[in-house]
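First listed ligand is number 1; within each ligand, the first listed atom is number 1. Predicted model, so just to flag it, every value in this text is computed and none were measured.
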Amino acid sequence: MVVDSVRALPRVREVAEPTAPSGGVVLRVTATGVCRSDWHAWAGHDEVVFPHVPGHELAGVVVEVGAGAARWRPGDRVTVPFVCGCGRCEWCRAGEAQVCPDQQQPGFTHWGSFAEYVALHAADTNLVRIPDGVDSTAAAALGCRFATAYRALVGRARVGEGEWVTVVGAGGVGLSAVMVARSLGARVVAVDRNPGALAVAAGLGAEHTVHADGADVPAAVLDLTGGGSHVAVDAVGSEQTCADSILSLRRRGRHVQVGLLPPVDGHPRVPMARVIGWELDLLGSHGMAAADYPAMMALVERGSLQPQRLVARTIGLEEAAALLPVFDRATVAGMTVVDPAR
Ligand SMILES: [Zn+2]
Ligand SMILES: [Zn+2]
């Protein structure tokens, strides 16, 4: 699926097959999720070189191994974080590839996975083996939104049992956060403008839902939680949702910013007076390194986490090409996964 220029209608057509970079691999794509980040790239909010192939939430089978990639063989079933580290810098060597200064992102820095084949760099650092008991769709659902939610709550906010977690935005990353928070024994308040998304959040274990359509979200959350939540996640990325998340916290609470706040929308005003006065922690979270996947993947294999429950539909590339330009306005609940062979 090729996008020829900013905001051009995506077209499905034959292009040259990728070759494995040094240290990398080529995968045959078996499943790839559609994400709001793909829409941002399509809309020109990222530094993307056109013509471009989007797609960054993928699972597939190794078909070609480049020189210097030691851990992988053709036939291996793998997934990959959307942030791929260089494999050489101090951050990658410490297992923190999600902040690698020399990172690659399939579907952004090079052609991505809305295709039959995709090339991936630094395979020994970035590839994650998919256990036999986990299918491609579940694995593709992990790469961006689920892993991001897992790291936001486990690695960054360190959510504890019995704590209140407010999740602002019940899209893919928000619903993932609901599931992860529940698996940690936390109590969840989900906030969204879409009643259908809130119903899904409730089905995944959100104890309360707040319909954000003009409501005073912080007041509602403070009321429901007896003074505010311990942790709040902005899973949307707007000035309003960021402020709602921060102002929904109790004193000493932790806010995690996961939704992107692209500069094109202007510099967001953040309620810093509250941050100072109530000693709130503001945490950024950016995907999750492959090194941190095994603990999450074990929970998926055991069934304690079920990312496949977030997948609402599987479509082909032609349908995905029609969906991408309107994805910012799509009010679909749950994740959409593309099967390029469909
Ligand atoms: Zn994504
Ligand atoms: Zn690196």
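Between E207 and R182 there is no salt bridge, since none of the side-chain N atoms of the basic residue sits less than 4.0 Å from a carboxylate O of the acidic one. Using a 4.0 Å cut-off between a side-chain N of Lys or Arg and a carboxylate O of Asp or Glu, R71 and D76 do not qualify as a salt bridge. Looking at R145 and E57, a side-chain N of the basic residue comes within less than 4.0 Å of a carboxylate O on the acidic one, giving a salt bridge.
E57 has its closest N, O or S atom to the Zn ion (ligand 1) at the position named OE2. When you scan the N, O or S atoms of H56 for the one nearest the Zn ion (ligand 1), you land on NE2.
Remark: aromatic rings of H52 and W42 are distant, center separation not under 6.0 Å.
Expressed to the nearest 10°, the angle at the Zn ion (ligand 2) joining SG in C92 with SG in C100 is 110°.
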